Amino acid sequence: MTASDRLEAQPQGVNRPPSIPPTLEVRDLRTVFLTDAGPVRAVDGVSFSVGAGETLGIVGESGSGKSVTALSLMRLLEEPARIVGGSMTFQGRDLLAMRPEELRALRGDRMAMVFQDPMTGLNPVIRILRQLTEPMVAHGRFTPPEAKQRAVGLLGRMGITAPEKTVSRFPHEFSGGMRQRVMLAMGFANDPALLIADEPTTALDVTIQAQILDLLRQLNAEFGTAIVLISHDLGVIGAVCRRVAVMYAGEVVEEAATAEVLADPRHPYAWALVNAVPRIDQPLGEDRRLVSIEGAPPDALALPAGCRFAPRCPFKIARCETEHPPLAEVAPGRLARCWVTQAGQVLPRAGGAGFGGTRAASTATEPLLAVRGLVKHFPLPRESLFGARRVVHAVNGIDLDVARGETLGIVGESGCGKSTLARLITRIHAPTAGSITFAGQEIATASPAAIRPLRRRMQMVFQDPYASLNPRMTIGDILAEPLVAHGVVGRGAAARERVRDLLSTVGLNPAWEARYPHEFSGGQRQRISIARALALEPEFIVADEPISALDVNIQAQILNLMLDLQQRMGLTYLFIAHDLAVVRHLCDRVAVLYLGQVMESAPAGALFARPLHPYTGVLISAVPVPGRTRVVLQGEPPSTLVLPTGCVFRARCPIARPVCATAPPLAEHAPGRWAACHFPGEFAHGEMGA
Amino acid sequence: MLRTLVTRLAGAAIMAVLATLVIFLIANTVPGDPVLAQLGDIAASNPATVLEWRAKWGLDLPLWERYGIFLQGLAQGDLGTSIASQRPVLDDIAQYAPATVELASIAFALALGTGIPLGIAAAVWRDTWVDAAARVISLIGVSSPTFWLAFVMLAVFYGGLQIAPGPGRLDPIAFPPEEVTGLFLVDSLLAGDWEAFHDAAAHLVLPSIVLAAATIGLITRTTRAAMLEAMGQDYVRVSRAKGMRESYTILRHVLPNALIPVVTLGGLAYANLLAGAVMTETVFSWPGLGRYTFRSAAALDFPAIMGITLVVSVTYLLVNLAVDLSYALLDPRVRR
């Protein structure tokens, strides 16, 4: 399903006749959190308008005020947040003057909201049907029988198969993608004039994200519903929204057409956002460092007098430190809050920061890690005393080689076995079958005692920097623990010395060793996790989604750090991620997993330029790139309880044929390019970039 | 569902028998001789009498043989004969149990009927005077000793204000209704005897409040905590964003989720009320199982103790089963 051309048919705000009021008009909105330390200005003078049927994106990092803006629009703020200024007009009515009863009548009726996490947004003990129909009936638009019919129709429209049956199920019987479709159906229950979607795809896989974004775009075109889409990902916004407002520290710092911001940002923060993210549609340079801006957003209790971005801005001039810039026109239809670009200066095109990070040429002949026929099955608990145990087929025969000094990327949808693979290689789990050879030593069946010395040479970095650091230990203790456990250093001065070394290696202040994890931000914690992994001077690091919980700018910082460390210490990485652009950018070679098997493995450049396996093709195609035709992969990965016969991908494959009923072997089709497909290279995906 | 039920019932039966074994062993290691407790000093000083007694009650047999005899009787629905009352234990229990079941059930209903609404109110109006009042009520309920609370209630409402009847299940001069279930409220209704119903109900007021006091406190606090947790969930915000009324959001979205932990506590509380009414029954002269237990234990009346243990363990197991089944009712995620 391709829908990018529909973008052109959207009504444009600029050409709106002056007589029709916009659907939503926000002027100088101010929302504060009343804390003991004083009012925190979460939203500080935000203005924008959305016309009937228009699409506006709001982008910014965590804490920029984008979600608080959304909740302010719905008047759904909870204590201690409070709107203290500005005006919000919805269809000509003043939202701030409305009584609670009037607001209630508006919410879920003319104005609906879809939240981020579909796993928690549905009530687990109430059937989908009632959750869908209750707003229809409560707002008096439909009688219960009509509402039921409409609920079934909406679910079908959202792409849920057999909606008349599924509608009477409970939420836990739905996958994350299906739940988000239900949430969208709920948003459209009463055919609203405005839908606010707060990070609706952040919790989803890239293939499911593509499906949901397509759906949003179609619904906007079909029903003429205005959409405000909030995201931290400019690519996501570009896939749906014509215009975008970039928020920083509670303010809009740039507002313009999304394509223009992506091509030529006029505010340094927007510039940093655009360039912090590797783009899948741009050629790979030799220099792999990403643009990252140092520092953190300002303390909302003590905002700088001048431009709020000035302390981190690489382009600042004297005036920026003292005078707060207004949001002013820098080009026709383009607003930016920046003294530099308002004076006509153009921000430089993207490009590396100019030092280091060139691609490693793999010279080693003997691989550091060799995996052959790796299998891991998890038996489920018995359901009855004599029933057969069902088995989760997590990993089903994986062959991999990782050469010394290279970075191997592992990609695939949730449930493809990425994390299980990481845990098998590090022997957190014991494999069901197969061999793992690390530095010439077989470790798949080795005893824990035999593996212990190898742990020094092989370390892991986990996804969640909040959960993987013990909150009751100081950073110094956390970093000294592996050193002492392996007898590298004794307690005391030597350990402290090494801890301080490690902290400065990952770019943290060595004096912070006595602090506790809660005193650090997410990015700093991930640096600590990396420092802990480095403590024993390993050769090999398995990083399981190390950046997916972080803001894009912090992602860029961590990726740069990983590149630096690899160069300085000759590290070998196994890098697991779901972000294909990042994998393409960072990794030398990439292996694509589906249902616990390797579908394709190849050098990164070649794989992304011309994928051989259709699954690789649709995965790449699912990455939101504005203006690109996409092939949206339908459906979701099947259950891992019963493995399909033949090619595991054939049920969802766009080019499947009868011969696919026999499983294709993983074969080398060109030097270094392996694919498990009967028709390698036949699937033509959307052309990449320009 | 039916299969689960059958499996669980079979498991419960095994657990109940195991419980009797444990009690059998414990009771026999307690220092103390039921013969001496029964016979009195003079008769007990005659060895022949003592031997005759031991033989009569089977106390001269080895431990395992005695347990075997108990199990044999159990299989035939016979719990043996009480040493103290010289009546079949089953008859004794059938006589005393209804009074306790009636008292515990009324107290349980009172605890749920007060604790859940109070907990909901405390959560909805968090940090207001409502919350503070609920906290004080539950604190008093949990921390007042039962015997003290029972005496205070009697002294104030019976002795002082004279608006409540005294101890016992009925007025001393009233006739109990014709026995069908042994529950006076039910029997008097069945007999159409309004006077007896009123009398029985009035006599239940003070003891059920005393018995329920601690449970009210526990249920209030648990409901409040569960409500607050559920109110912080995303689906509550979604319900508000859908424009649902606040009362609807609280009662239809929050409460069903909050009730899950309350049911766990409620089940345990009911079993505790049934088995733990000794203090209340003593102060209010309530002829129930609690007092029977106390008397049997004091007399080292083994058959009676075994019978009571069995009844109590079966009660706990059934209540637990009911709790598990009601999970399935409340939470579709645990349904199979």
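Side chains included, hydrogens not; waters and symmetry mates left out as well; all remaining heavy atoms used. Computed from a prediction, not measured in an experiment: that's the story for all the values here. So you know, we letter chains A, B, ... as the sequences are listed, proteins then strands, and number each from 1.
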Exercise. Among A:Leu122, A:Asn123, A:Asp109, which has the most heavy-atom pairs under 4.5 Å with chain B?
Worked result: A:Asn123

Exercise. Is there side-chain contact between B:Asn257 and A:Pro124, with at least one heavy-atom pair below 4.5 Å?
Worked result: yes

Problem set entry | Interface moiety of A:Met183 toward chain B, non-hydrogen atoms closer than 4.5 Å | side chain

Exercise. Which heavy-atom pair separates A:Val125 from B:Ile260 by the least distance, and what is that distance?
Worked result: CG1-CD1, 4.4 Å

Problem set entry | Gap separating the CZ atom of B:Arg252 from the CZ atom of A:Arg130, nearest 0.5 angstrom | 4.0 Å

Problem set entry | Max heavy-atom pair count under 4.5 Å with chain B, selected residue of A:Met111, A:Arg75, A:Glu134, A:Met119 | A:Glu134

Problem set entry | Winner by heavy-atom pair count (cut-off under 4.5 Å) against chain B, out of A:Val114, A:Asn190, A:Leu76 | A:Leu76

Seminar exercise, completed: Those residues of residues 211-245 of chain B that come under 4.5 Å of chain A on a heavy-atom basis, listed by number, are B:Asp234, B:Tyr235, B:Arg237, B:Val238, B:Arg240, B:Ala241, B:Lys242, B:Gly243, B:Met244, B:Arg245

Exercise. Counting a contact as any heavy-atom pair under 4.5 Å apart, which residues of residues 95-108 of chain A contact chain B?
Worked result: A:Glu101, A:Arg104, A:Arg107, A:Gly108

For this session: Go through the atoms of A:Glu78 and report whether side chain, backbone, both or neither lie under 4.5 Å from a heavy atom of chain B.
Result: side chain

